[in-house]
Amino acid sequence: MIRSLTHKVRTRRANRQLGGLLAFVAGAANAGGFLAIQRYTSHMTGIVSEIADNLVLGNFFLGAAGLAALCAFVAGAATTAVLVNWARRRHLHSEYAFSLMLEAVLLLLFGLLGANLNVLVDIFLPTTVLVLSFIMGLQNAIVTKISKAEIRTTHMTGIVTDLGIELGRLFYWNRTHAGNLVHFVEADRDKLGIHASILGLFFAGGLAGALAFKQVGFVATVPLALVLSAVAAPPLWQDLGDWLRRQDRVRT
C-alpha cells in the first residue's frame, strides 16, 4: 500500500490516499506553525492582503516580510515542479518521492528552529516563517501535480467552496419533468466524498498537531517527518538499486 502512494503510475485511489495523508500533515504543521510564530503560512490569500495593508499603513518592514513568505511559497511549488520534471525526463520511479523526502527534512528543520526561537529571535523567527511557507508550497504542488489539480491539501478555501457547490446540487429539488429533461441537477457524490475527507483530515491533523506541539513541543515534527520518509523511501530505494546495477554493468 505504501509503495502505491508514490508510484509514478497513478490511480485515483492512490491520489486520494496520498492527498488525505498530506492534508493531515499540513493541518498538523500549520497548527505547529501557529504555536511557534502566531501565524498561519498555508494560505497566501491572507498574506497577500497583509502585504497590501502593511504597505498602505507604512509598515514597509512587515510588508517585506509578507512578500518574503509569498516568495518562499512560490519557490516551494517551483521546486516540486523542477524535481518532478527532472525525474520524469530520466524515467525515475521517484518523481514524486524527491519532494516528499525534502519536505520530511524541512519539517525536521522547522522543529529545530521552532525549539530554539528564544535564541537569536531576529534570525530564527523569520527563517521559521520562510521554511514553513516553502514547505506548504512544496507540498501543495506535489498533490496538484499528482491529481492534476483535483486535490489541494494545504488550504481549505477551494475545498470548502467545492463542498458547498456539491451540497447545493445534492439538496436541489428537481421538481418539474420538463426542466429535468433540459437540465437535471445531480451532485457528484464522488467529489463530495473526497472534499469532505480532505477537509476532515486537515482538521484532524490540526487537532493532533496542536495537542502534540502543546504536550511535547517541536519534537512533534519527528513523527510527521518519519511518515513522509516512509512514503518516499520505496521509489527512492528502487532508483538507487537501478543506479547501482548500472554502475556494476559499466565496471564489468
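Just so you know, residue 1 is the first one in the sequence shown, and it goes up from there. We use all heavy atoms of the structure for the numbers below, so side chains are in, but hydrogens, waters and symmetry mates are not.
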## Note on the structure
Tightest non-hydrogen contact, residues A220 and A212, listed as CB-CB, 3.7 Å
#### Entry: F61 side chain near N54 side chain, heavy-atom distance below 4.5 Å
no
### Task
Supply the atom-to-atom distance L109 CG to I135 CD1, rounded to the nearest 0.5 angstrom.
7.5 Å
### Query
Are side-chain heavy atoms of L22 and L100 found at a separation under 4.5 Å?
yes
### Query
Between G20 and L201, what is the shortest heavy-atom contact and its length?
CA-CD1, 3.4 Å
### Message
Is any side-chain heavy atom of N30 closer than 4.5 Å to one of M136?
### Response
yes
### Query
T221 and G111: which non-hydrogen atoms are nearest, and at how many Å?
OG1-CA, 3.6 Å
### Query
Looking at CH2 of W86 and CG of L92, how far apart are the two atoms once the value is rounded to the nearest 0.5 Å?
5.5 Å
### Task
State plainly whether one hydrophobic cluster holds both V219 and L106, where clusters connect Ile, Leu, Val, Met, Phe, Trp and Tyr through side-chain heavy atoms under 4.5 angstrom apart.
no
### Summary
Rounding to 0.5 Å, atoms CZ (R16) and CD1 (I198) come to a distance of 9.5 Å
### Query
Mind checking whether L102 and V222 sit in one hydrophobic cluster, side chains of I, L, V, M, F, W, Y counted as touching below 4.5 Å?
no
### Task
I would like to know whether L170 and R189 meet side-chain contact (heavy atoms from CB on, under 4.5 Å); could you show each step before the answer?
CA-CA 8 Å; L170 179 67; R189 295 175 184 270; 3.4 Å; yes
### Message
Quick check: do E103 and I142 have side-chain heavy atoms less than 4.5 Å from each other?
### Response
yes
#### Entry: Student check: side-chain heavy atoms of L112 and F218 closer than 4.5 Å
no
### Task
Would you mind reporting whether L62 and E50 have side-chain heavy atoms less than 4.5 Å apart?
no
### Task
Decide yes or no on side-chain contact (heavy atoms from CB on, under 4.5 Å) for L107 and V131, but give the supporting numbers first.
CA-CA 8 Å; L107 278 172; V131 168; over 6 Å; no
### Task
Give the cluster check for V48 versus L57: same hydrophobic cluster or not, with ILVMFWY residues linked at side-chain heavy-atom distances below 4.5 Å.
no
### Task
State, with a plain yes or no, whether a side-chain heavy atom of L224 is found less than 4.5 Å away from one of L228.
no
### Query
Which class fits the ring pair F213 and F110: parallel under 30°, tilted 30 to 60°, perpendicular over 60°?
tilted
## Note on the structure
Interatomic distance, NE2@H195 vs CD1@I159, rounded to 0.5 Å, equals 5.0 Å
### Query
Are M101 and S229 close enough that some pair of their side-chain heavy atoms sits under 4.5 Å apart?
yes
## Note on the structure
By ring-ring contact (aromatic ring centres under 6.0 Å, His included), F134 pairs with (sequence neighbours left out) none
### Query
Under a single-linkage definition using a 4.5 Å side-chain heavy-atom cutoff for Ile, Leu, Val, Met, Phe, Trp and Tyr, are F202 and V160 assigned to the same hydrophobic cluster?
yes
### Message
To check you understand the geometry: which heavy-atom pair defines the closest contact between P234 and V231, and what is its length?
### Response
CD-O, 3.5 Å
### Message
Using 0.5 Å steps for rounding, measure from the CD1 atom of I165 to the NZ atom of K191.
### Response
8.0 Å
### Summary
To the nearest 0.5 Å, atom CG of L199 lies from atom CD1 of I194 at 12.5 Å
### Query
For T80, which residues count as a side chain to side chain donor-acceptor pair (under 3.5 Å) partner, sequence neighbours excluded?
S99
### Task
Following the transitive rule for hydrophobic clusters with a side-chain heavy-atom cut-off under 4.5 Å over Ile, Leu, Val, Met, Phe, Trp and Tyr, establish whether L130 and L108 coincide in one cluster.
no
### For the student: nearest non-hydrogen atoms of A72 and S133, plus distance
CB-CB, 3.9 Å
